[in-house]
Amino acid sequence: HSAGLHYPGASVPAYSTFCCLSGDEQDLNERLKRLYPAVNEEETPLPRSWSPKDKYSYIGLSQNNLRVHYKGHGKNHKDAASVRATHPIPAACGIYYFEVKIVSKGRDGYMGIGLSAQGVNMNRLPGWDKHSYGYHGDDGHSFCSSGTGHPYGPTFTTGDVIGCCVNLINNTCFYTKNGISLGVAFTDLPPNLYPTVGLQTPGEIVDANFGQQPFVFDIEDYMSEWRAKIHGMIARFPIGDRLGEWQAVLQNMVSSYLVHHGYCATATSFARATQTMIQEDQTSIKNRQRIQKLVLAGRVGEAIEATQQLYPGLLERNPNLLFVLKCRQFVEMVNGTDSEVRCLAIRSPKSQDSYPGSPNLSPRHGASNPHLHTGGTESPTCSNGVTPLKSKNRSSIKYPSASSSASSSTSSSPSSINYSESNSSDSTKSQPRSANSTQETRWETLEKKPNIYIYILYIDSEMEIEAEHYSNGVVDGSSARIMNGTYKHEEILQPDDNSVDEECSNGRQLCGGNQAATERMIQFGRELQALNEQLCREYGKNAAHKKMLQDAFSLLAYSDPWNCPVGQQLDPTQRESLCSALNSAILESQNLPKHPPLMLALGQATACVQLMARVRSGSCSFARVDNFLH
Amino acid sequence: MQEVTATSRHYVDRLFDPDPQKVLQGVIDMKNAVIGNNKQKANLIVLGAVPRLLYLLQQSSSGLDLRTECAVVLGSLAMGTENNIKSLVDCHIIPALLQGLLSPELIFIEACLRCLRTVFISPVTPVQLLYTDPTVIPHLMSLLSSSQKTQEYITQIFSLNAHTHKNTHDDAPLLCVQTSDHQTVLFNHSAVQHIAPLLISPSYKVRMQALKCFSVLAYENTQVSMTLVNVLVDGEPLSQVFVRMMQRDQPVEMQLTAAKCLTFMCRAGAIQTEESCIVLKTLPCLVRMCSKDHLLEERVDGAETLAYLIEPDVELQRIASTTDHLVAMLADYFKYPSSVSAITDIKRLDHDLKHAHELRQAAFKLYASLGSNDEDIRKKITDTENMMDRIVSGLSESSIKVRLAAVRCLHSLSRSVQQLRTSFHDHAVWKPLMKLLQNAPDDVLIMASSTLCNLLLEFSPSKEPILESGVIELLCSLTQSDSPALRINGIWALMNMAFQADQKVKVEIVGCLGTEQLFRLLSDPDNSVLMKTLGLLRNLLSTRPHIDQIMSSHGKQIMQAVTLILEAEQSIEVKEQTLCILANIADGNTAKDLIMTNDDMLQKIKYYMSHSSVKLQLAATFCISNLIWNEEDGSQERQDKLRELGFVDVLHKLSQASDPNLSDRAKTAMQQYLA
């Protein structure tokens with residue numbers, strides 16, 4: 001029986017002919033990402049093909065496990081065979097869709113397309129058993145966990161494309177035939193169903209499209225309707241007679257946000273307009289604003305002084321924060337922006353801290369990517385040498401040490417203080433040395449010899465080698481994310497008129513090119529080293545501190561620190577996270593909220609939507625927080 | 001009341017103040033007084049405020065502020081009752097406002113347009129007033145570029161002005177049907193080019209009104225529709241712009257109107273029915289509009305538009321019948337007012353009641369379109385819960401619109417042999433149908449009689465009871481109607497009725513119709529009427545006793561009629577049918593003599609035996625063959641006479657004919673001589 005039988009259409013190219021070509025995997029990824037943006041594939045992978053393991057033996061797979069053919073006897077319904085997709089449909093899809101093209105209807109066209117839960121008998125067509133659902137080609141009936149079908153749609157056969165759409169918001173399913181919706185087939189579907197097809201007679205061949213190709217049915221249009229529905233539900237959420245209460249909450253959120261970031265004038269006029277009160281007094285806001293301006297201007301030494309003066313005991317209670325501030329101060333000395341070197345510099349009276357960004361930039365908040373920063377990437381006119389950041393990092397390949405890539409990975413999250421302990425200590429240690437050696441040939445030609453300084457610093461330092469236990473820093477990463485704000489330079493430095501002019505990058509020199517300043521920097525480095533050792537003794541070793549210190553010192557290993565693998569540190573945008581950490585610490589010391597409620601609410605909403613996906617609430621797909629941020 | 005009039009009087013008096021500043025303040029106060037107050041509006045109109053306001057509006061000395069405020073107040077008055085509008089129109093507000101559009105001041109123009117818009121929205125305003133002055137339309141076109149407000153008001157005037165042409169009996173799914181004259185006027189003033197860019201206006205209202213304009217312009221207008229397919233909006237074909245407007249996240253009103261535009265373009269032949277913008281976009285969009293999720297008005301509109309879209313195309317009918325359970329979804333249209341709404345919510349009940357008729361007629365229309373060609377779809381429809389009962393009760397509903405739609409639906413389903421034999425008989429649909437035929441308006445009558453034709457087909461079990469109900473007189477009266485469609489249906493039904501009927505029935509038909517009327521029908525200007533009349537004659541003149549009986553009483557007239565037709569300039573089909581009648585006459589016993597004694601007729605038969613049309617040759621030969629048939633009395637004499645007249649030679653020649661049918665027929669006839 002099996003020999004010499006030819007079924008028409010069997011030689012038709014697979015529905016997904018091109019999927020074997022390189023680049024198509026990427027196309028698929030992009031399409032799936034666009035269709036199901038809320039799905040976290042690390043937690044819940046999407047179905048991409050039929051499972052070679054989860055199928056009955058009469059099923060054969062080919063074409064990257066997208067084509068299914070029947071290879072049993074096909075005598076009666078006992079010879080039915082099914083295959084499930086590799087993964088169940090994640091609830092975070094909201095709306096899920098796949099299509100199956102009938103390549104050949106074979107002998108009798110007993111094909112079933114549908115869904116089934118894990119563990120449902122595969123020696124059956126979809127729909128016949130509990131937790132199994134199918135639409136059958138021979139009679140056009142739908143089978144809802146039962147051996148008896150109900151009249152549902154038209155029959156289907158060779159050449160037809162049948163689509164199956166699962167709505168995870170209302171737990172229904174409908175099918176399509178050649179791009180036309182046939183109406184709801186099933187309701188009250190259970191969670192975690194797998195796309196499933198079943199065949200029953202020889203010659204039956206079907207191809208699946210899980211997103212490898214554009215669909216015949218316009219599923220995105222259907223999705224847009226549900227997105228609009230859910231957005232409408234959110235927009236029309238009934239608040240009844242609590243309107244005033246809500247208004248007060250919203251006003252408080254805006255006001256506290258302004259206050260938090262020290263937008264004193266805006267906050268005052270907002271309070272006036274809304275007739276609300278500001279919790280913090282004006283002087284306090286202005287003090288914080290002043291300190292923040294100093295940090296953002298790179299004048300960290302002054303910022304530390306001001307903090308100690310205005311909030312005595314604060315930094316003593318937060319030695320880690322103090323250390324981070326001092327590290328930054330060192331970096332700013334290299335930069336030539338810290339006041340300790342600026343006052344010594346002969347030819348650099350102007351502030352070098354170019355803080356790029358358009359003049360009207362407001363604080364940024366990105367729930368999904370909170371590490372966005374304006375520096376470099378947004379303003380190519382930056383004179384600080386940090387603009388061509390990414391390409392510089394890429395070109396750092398010429399430094400062969402293993403740590404150069406490690407340090408560039410650190411610098412890739414520029415606006416947060418990185419406490420992660422990703423580098424092995426010997427690679428970090430080897431970096432400056434190997435870098436140093438690459439510079440050796442040019443040693444004598446250098447008019448200034450910055451490399452020597454690093455020796456000076458390292459001579460009496462015993463760098464710790466062992467990896468250390470992570471001890472929590474002043475600012476924990478997750479909280480830094482949501483409070484991150486980018487400040488516009490011009491506004492912050494309003495009183496500092498002479499800082500507007502910027503030196504061109506070619507003229508940049510270590511510590512502003514001043515010998516006395518350089519000496520001061522070396523001395524400061526030593527003090528910093530000593531502080532680190534002291535902290536180690538008191539609180540135990542801190543890998544993050546060590547890493548920070550090494551990165552800072554590494555700057556001295558290069559003739560042009562602004563164009564080196566660790567040059568990222570010199571980017572003014574790096575000041576932002578430190579600035580907000582200091583701001584938070586001050587607020588906390590005044591018994592005020594560490595983070596603005598607005599950002600907390602945002603973070604909470606984001607977390608909520610993620611939680612919805614985990615508890616299988618499909619509407620999370622269309623209620624994403626970034627849809628509402630403009 | 002006295003008091004109210006007194007205050008109103010005060011408002012009017014202030015319009016006559018000599019101080020223009022006080023007049024302005026008076027108008028402003030009046031504006032604030034009339035907002036939302038219909039009584040106040042009526043009072044002011046009664047007290048003669050309108051002519052004064054119009055006077056102030058037209059005086060150039062009035063100043064811009066005053067003139068603008070006058071237009072605003074008039075617009076506010078127009079927002080009131082229909083009587084208010086009538087009074088305004090009677091005061092010649094329209095020419096005054098149109099005159100105002102010539103002002104250089106945009107703010108004044110906008111106020112005038114807004115008022116005009118409000119006046120024209122009303123069904124009591126004759127739309128013709130916009131077209132009497134030929135300079136108005138071009139000026140409105142030129143104002144389209146002035147501001148978003150002028151765009152909104154003008155497009156609304158263009159798309160709404162046809163409301164007055166609303167016709168309750170019309171098949172069209174449009175609420176407003178514009179006469180094609182007005183379409184042409186707008187088209188000739190480049191309405192398409194002027195309005196197309198507004199489809200991508202930043203203002204939703206402007207986009208929406210522009211879209212409505214296109215739906216009005218394209219309806220049953222091939223010229224406009226053909227132009228529309230070639231229009232680009234910002235580099236994009238108009239049909240694609242409409243498709244985008246049908247996206248599911250767009251407002252329903254926009255989706256529906258865009259679907260209408262594409263439907264009208266498709267029906268006008270500008271877009272092929274198999275194009276994806278129709279099959280995959282317009283059709284599914286309209287099906288969606290029929291779902292429970294939408295407002296009752298939208299469901300009515302959606303169903304009617306869909307019925308119109310798929311009416312001529314069986315493939316679209318098939319696709320629609322499988323889309324989203326449409327056939328079952330429409331059954332829901334009959335459940336208003338629902339029993340729930342009656343108890344719980346009086347307001348809802350009122351709303352449901354208002355739309356119940358509209359919903360039912362829309363569903364019937366769509367069922368009619370769905371079932372007009374495909375047998376499987378018809379079965380699906382009649383299998384729908386209580387469908388036949390619903391049609392039957394629909395036939396006797398008070399609303400004429402529902403009756404008409406129900407009979408259309410019935411007519412569509414009556415094209416099925418299967419349904420005629422089963423559900424039609426089971427539900428005795430003929431009874432309400434017969435009732436409907438009494439004193440119905442023409443459009444209902446046309447549909448009902450057409451359905452009756454099908455019910456009178458010989459295999460229909462309803463034929464007997466219908467005959468017994470005394471329908472002949474009614475059908476005969478239909479043949480005297482002024483409407484050709486009714487004449488055809490009447491005679492067609494009689495023809496079907498006479499097919500293989502008892503002699504009693506045939507006699508009754510002839511007696512009731514009368515030979516005079518029969519003659520009149522044989523000279524009917526409508527060729528189909530003539531054909532069906534000949535068909536009736538042919539059916540009457542079958543089986544020998546019937547032939548002889550009818551020919552003995554009406555032979556003379558019938559022969560006259562046959563002669564007339566054969567001598568006249570008629571189509572081959574008509575002459576063939578006539579020769580067939582003659583052949584039937586020749587088959588009678590005594591009736592034969594009517595031909596044999598008529599030498600002129602015999603010459604005619606001979607002529608047609610040598611005609612260039614094989615069909616006519618065949619029919620004429622049939623006739624001769626019947627005359628010379630052996631086994632009958634007097635066959636010898638007839639054979640001799642015909643031989644003398646040279647028919648044998650003709651038959652001999654025909655037996656050599658290349659057409660096998662014809663040569664066979666001639667040979668069979670020749671054999672009669674040999675036997």
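Below, all heavy atoms of this structure are taken into account, side chains as well, without hydrogens, waters or symmetry copies. Source: prediction; values computed, not measured. Proteins come first, then strands; the chains are lettered A, B, ... in the order of their sequence lines, and each starts at number 1.
- For A:Lys33, the NZ atom counts as densely surrounded, since its 6.0 Å shell holds more than 12 non-hydrogen atoms of other residues, nucleotides or ligands.
- Considering NZ of A:Lys177 and OG1 of B:Thr323, their distance stands at 11.0 Å, rounded to 0.5 Å.
- Heavy atoms closer than 4.5 Å to chain A are found nowhere in B:Val287, neither backbone nor side chain.
- Atoms NZ and CG, on A:Lys229 and B:Asp249 in that order, are 12.0 Å from each other to the nearest 0.5 Å.
- Once rounded to the nearest 0.5 Å, the distance linking OG1 of A:Thr176 with CG of B:Asp324 reads 10.5 Å.
- Closest approach of A:Gly179 and B:Leu280 over heavy atoms only: O-CD2, 3.6 Å.
- A:Asp218 and B:Lys281 are joined by a salt bridge, as a carboxylate oxygen and a charged side-chain nitrogen come within less than 4.0 angstrom of each other.
- The parts of A:Tyr222 that come within reach of chain B are both its backbone and its side chain, each placing non-hydrogen atoms under 4.5 angstrom from that chain.
- Annotation for A:Arg236: atom CZ does not count as buried by contact number, only 12 or fewer foreign heavy atoms lying within 6.0 Å.
- Heavy-atom pairs under 4.5 Å with chain B were tallied for A:Gly232, A:Pro151, A:Gly153, A:Ser224; the largest tally goes to A:Ser224.
- For a residue to count as touching a neighbouring chain, one of its non-hydrogen atoms must lie under 4.5 Å from one of that chain's; by this rule A:Tyr175 does not touch chain B.
- Scanning all heavy atoms of the two residues, the minimum distance from B:Arg248 to A:Asp221 falls at N-OD1, 2.9 Å.
- The distance from the CG atom of B:Leu283 to the CD1 atom of A:Ile180 is 6.0 Å, given to the nearest 0.5 Å.
- Of the two parts of B:Arg318, neither the backbone nor the side chain holds a non-hydrogen atom closer than 4.5 Å to a non-hydrogen atom of chain A.
- Rounding to the nearest 0.5 Å places CD of B:Gln247 at 10.0 Å from CD of A:Glu220.
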